[in-house]
Amino acid sequence: MTDFFNDISPLVYAPESTDLAFRHYNPDEVIAGKRMEDHLRFAVAYWHSFAWPGGDPFGAETFERPWFGNTMDLARMKADVAFEMFDLLNVPFFCWHDADIRPEGDTFTQSLRNFQEIIDYFAEKMETSKTRLLWGTANLFSHRRYMSGAATNPDPEIFAWSAATVKACMDATHKLNGENYVLWGGREGYETLLNTDLKRERQQAGRFLQMAVEYKHKIGFKGAILVEPKPQEPSKHQYDFDVATVYGFLKDFGLEGEVQMNIEQGHAILAGHSFEHELALAASLGIFGSIDMNRNDYQSGWDTDQFPNNVPEVALAYYEVLRAGGFTTGGTNFDAKLRRQSLDPVDLIAAHAGAMDICARGFKAAIAMQEDGTLEAMRKERYAGWDNAAGKSLLNSDLATIAAQVEAAGSNPQPRSGRQEILENIVNRFV
């Protein structure tokens with residue numbers, strides 16, 4: 001044990017407590033036939049919780065963690081602290097990038113050796129912990145070599161380095177029995193069209209993803225391959241702008257049956273969408289996989305990655321997750337970070353505890369809305385005309401036949417209310 005969390009005790013479900021505890025999240029509570037822990041499948045993000053130093057676009061780091069540094073001993077200390085926090089929170093999962101967990105070496109081989117040693121250390125830690133790996137991924141955006149992208153880089157040598165890095169991360173995810181592997185194109189985009197070949201870069205990105213899928217099958221990895229969309233920031237435009245854009249990309253490269261989506265609320269907001277929109281669209285396209293739960297500051301223009309605190313927003317998100325059938329290999333990853341002024345170890349625990357409570361409250365509201373059934377009944381009623389014989393025949397007809405039928409019937413259809421305010425009032429009964 002380290003002494004980082006000092007005298008903080010493991011959190012328990014204590015609804016009336018005024019101390020650090022769960023007031024709404026009870027992992028063993030059975031709701032809709034399943035334990036709440038198994039519904040929500042919470043995960044801690046290694047990068048924000050243990051690797052992020054507290055900087056922002058206008059200021060340097062504010063955190064001073066005892067494991068900050070570029071040695072293997074410090075990397076192992078970081079892992080010790082991480083698993084202590086997993087145990088304090090009793091979370092079932094965690095997630096990592098390779099660069100979060102290992103020191104950077106002078107060569108690819110040195111970095112790989114460091115990475116593999118920490119993966120072995122994780123495997124040892126996991127033998128005595130309940131916490132498993134939700135997903136692994138490669139950091140192909142932070143190092144200066146990626147300033148012009150990874151898969152989309154104009155330099156073939158950087159493409160090759162990136163491919164080798166993804167192979168290593170997929171191997172490690174497979175070794176730790178991870179349930180998914182994520183690809184996020186943090187710099188797969190452009191800053192100016194004046195030096196960008198859009199067609200070439202898109203082809204490179206497509207082939208790169210095909211290679212990842214091919215390798216998944218080669219090593220027998222049974223988890224899902226997930227792509228996480230983001231529209232911009234730091235690039236002016238990224239090729240994985242939103243769910244709709246990624247689906248078109250997957251179709252172009254024959255991957256729509258192989259790849260699913262990891263959807264983040266903050267990225268949805270940057271794309272001009274709501275979180276529930278992106279979730280609903282992914283589900284309708286058959287590519288919903290997992291979520292990164294966070295929020296943006298609506299008064300700031302960048303991805304602030306704050307812990308969730310808005311029950312109505314969370315409830316609508318989980319309602320769409322439930323409509324999609326719930327999580328299978330996916331889960332709720334807290335891709336969220338402390339505020340720069342939240343310096344103390346207890347802040348890290350409190351942030352996750354509060355977020356888990358918010359998610360529990362939102363999820364219970366979503367379950368209640370689903371069990372009530374009014375929203376789905378009204379949705380079904382709105383489209384009922386398409387379920388009778390006349391409605392079904394329309395889509396198998398042609399313009400000339402339809403026009404003749406409309407003229408013969410003397411049709412004069414009138415609009416019907418969408419009842420939006422009534423629907424919103426129904427939601428407000430539960431949140």
Side-chain angles (χ1 to χ4, degrees), residues 47 52 55-58 97-99 104 108 137-167 169 181-213 225-256 258-273 277-278 281-282 285 287 292 294 296 300-305 335:
W47 52 99
W52 184 61
D56 70 11
F58 305 101
H97 301 83
D98 59 323
E104 184 80 16
F108 179 87
T137 188
N139 181 325
L140 303 179
F141 50 89
S142 293
H143 194 281
R144 65 192 297 268
R145 74 174 62 91
Y146 303 122
M147 67 182 185
S148 299
T152 60
N153 201 287
D155 184 345
E157 190 174 4
I158 294 176
F159 180 102
W161 180 294
S162 304
T165 301
V166 166
K167 175 193 177 296
C169 290
Y181 183 81
V182 170
L183 294 108
W184 176 57
R187 293 190 186 272
E188 308 294 18
Y190 68 83
E191 296 176 10
T192 175
L193 279 174
L194 297 176
N195 65 2
T196 301
D197 185 334
L198 288 172
K199 183 176 181 180
R200 181 188 294 272
E201 290 193 359
R202 195 168 182 276
Q203 289 295 318
Q204 289 175 204
R207 182 63 192 126
F208 194 96
L209 184 54
Q210 287 173 337
M211 290 179 184
V213 169
I225 300 291
L226 306 176
V227 167
E228 180 174 328
K230 186 177 183 181
Q232 59 194 33
E233 194 245 7
S235 298
K236 180 176 183 178
H237 171 81
Q238 291 179 199
Y239 297 112
D240 53 358
F241 187 93
D242 60 5
V243 168
T245 304
V246 172
Y247 184 70
F249 180 88
L250 297 178
K251 291 283 284 185
D252 276 358
F253 292 95
L255 295 169
E256 67 274 16
E258 295 278 4
V259 176
Q260 298 173 342
M261 304 297 298
N262 182 60
I263 300 168
E264 178 182 309
Q265 185 192 34
H267 295 175
I269 292 168
L270 286 177
H273 304 306
H277 163 87
E278 291 286 83
L281 183 57
L285 296 171
I287 55 172
D292 278 359
N294 58 23
N296 281 355
S300 296
W302 69 86
D303 194 11
T304 54
D305 285 327
D335 190 355

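For Asp98, the side-chain contact (heavy atoms from CB on, under 4.5 Å) partners two or more places apart in sequence, or in a different chain, are Arg102, Phe115, Ala138, Asn139, Thr165, Cys169. The ring-ring contact (aromatic ring centres under 6.0 Å, His included) search around Trp47 returns His97, Trp135, not counting sequence neighbours. Every side-chain contact (heavy atoms from CB on, under 4.5 Å) that Gln203 has, sequence neighbours left out, goes to Phe253. With sequence neighbours excluded, no residue forms a side-chain hydrogen bond (donor to acceptor under 3.5 Å, both in side chains) with Tyr190. Under the side-chain hydrogen bond (donor to acceptor under 3.5 Å, both in side chains) criterion, Glu191 pairs with no residue at all, not counting sequence neighbours. Gln204 meets the side-chain hydrogen bond (donor to acceptor under 3.5 Å, both in side chains) test with no other residue; sequence neighbours excluded. Not a single ring-ring contact (aromatic ring centres under 6.0 Å, His included) links Tyr239 to another residue, sequence neighbours left out. Qualifying side-chain contact (heavy atoms from CB on, under 4.5 Å) partners for Gln232, counting only residues two or more places apart in sequence or in other chains: Leu270. Residues forming a salt bridge (Lys or Arg N to Asp or Glu O under 4.0 Å) with Asp292 (at least two apart in sequence, or on another chain): none. Listed by chain and number, the residues in a side-chain contact (heavy atoms from CB on, under 4.5 Å) with Val227 are Leu209, Val246, Val259 (sequence neighbours excluded).
Looking at Pro229 and Phe241, their side chains never come closer than 4.5 Å, going by heavy atoms from C-beta outward.
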Derivation of the side chain to side chain contact (heavy atoms under 4.5 Å, CB included) call for Trp52 and Asp305: CA-CA 12 Å; Trp52 184 61; Asp305 285 327; over 6 Å; no
From CA spacing to verdict: salt bridge (Lys or Arg N to Asp or Glu O under 4.0 Å), Arg207, Glu201: CA-CA 10 Å; Arg207 182 63 192 126; Glu201 290 193 359; over 6 Å; no
Criterion side chain to side chain contact (heavy atoms under 4.5 Å, CB included) on Glu264 and Glu228, from CA distance to verdict: CA-CA 7 Å; Glu264 178 182 309; Glu228 180 174 328; 3.1 Å; yes
Criterion side chain to side chain contact (heavy atoms under 4.5 Å, CB included) on Asp303 and His267, from CA distance to verdict: CA-CA 7 Å; Asp303 194 11; His267 295 175; 3.1 Å; yes
Leu255 vs Gln210, side chain to side chain contact (heavy atoms under 4.5 Å, CB included): CA-CA, chis, key distance, verdict: CA-CA 7 Å; Leu255 295 169; Gln210 287 173 337; 4.0 Å; yes
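Ile263 approaches Ala282 most closely through the heavy-atom pair CD1-CB, 3.5 Å. Nearest heavy atoms, Asn296 versus Gly266: ND2-O, 3.0 Å. The two residues Phe108 and Ala164 make their nearest non-hydrogen contact at CZ-CB, 3.5 Å. Across all their heavy atoms, Leu250 and Glu256 have their closest contact at O-OE1, 3.4 Å. Taking both residues in full, the closest heavy atoms of Gly186 and Pro234 are given as O-CD, 3.5 Å, listed atom of the first, atom of the second, then distance.
Going from atom CD1 of Ile287 over to atom CG of Leu281 covers 7.0 Å, rounded to the nearest 0.5 Å. Atom CG of Leu198 and atom CZ of Arg200 lie 12.0 Å apart (nearest 0.5 Å). Distance NE2/His237 to OG1/Thr196: 10.5 Å, rounded to 0.5 Å. The CD atom of Gln238 sits 9.0 Å away from the CZ atom of Arg187 when rounded to the nearest 0.5 Å.
The residues Glu104 and Arg144 are annotated as not salt-bridged, no charged nitrogen and carboxylate oxygen being separated by less than 4.0 angstrom.
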Distance-only donor-acceptor hits, side chain of residues 146-156, under 3.5 Å, sequence neighbours excluded:
| residue | atom | partner | partner atom | Å |
| --- | --- | --- | --- | --- |
| Thr152 | OG1 | Glu188 | OE1 | 2.5 |
| Asn153 | OD1 | Asp155 | N | 2.8 |
| Asn153 | ND2 | Gly149 | O | 2.7 |
| Asp155 | OD1 | Glu157 | N | 2.9 |

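Residue pairs meeting the side-chain hydrogen bond (donor to acceptor under 3.5 Å, both in side chains) criterion with at least one member in residues 241-255, sequence neighbours excluded, are Arg202-Asp252, Asp242-Thr245, Asp242-His273.
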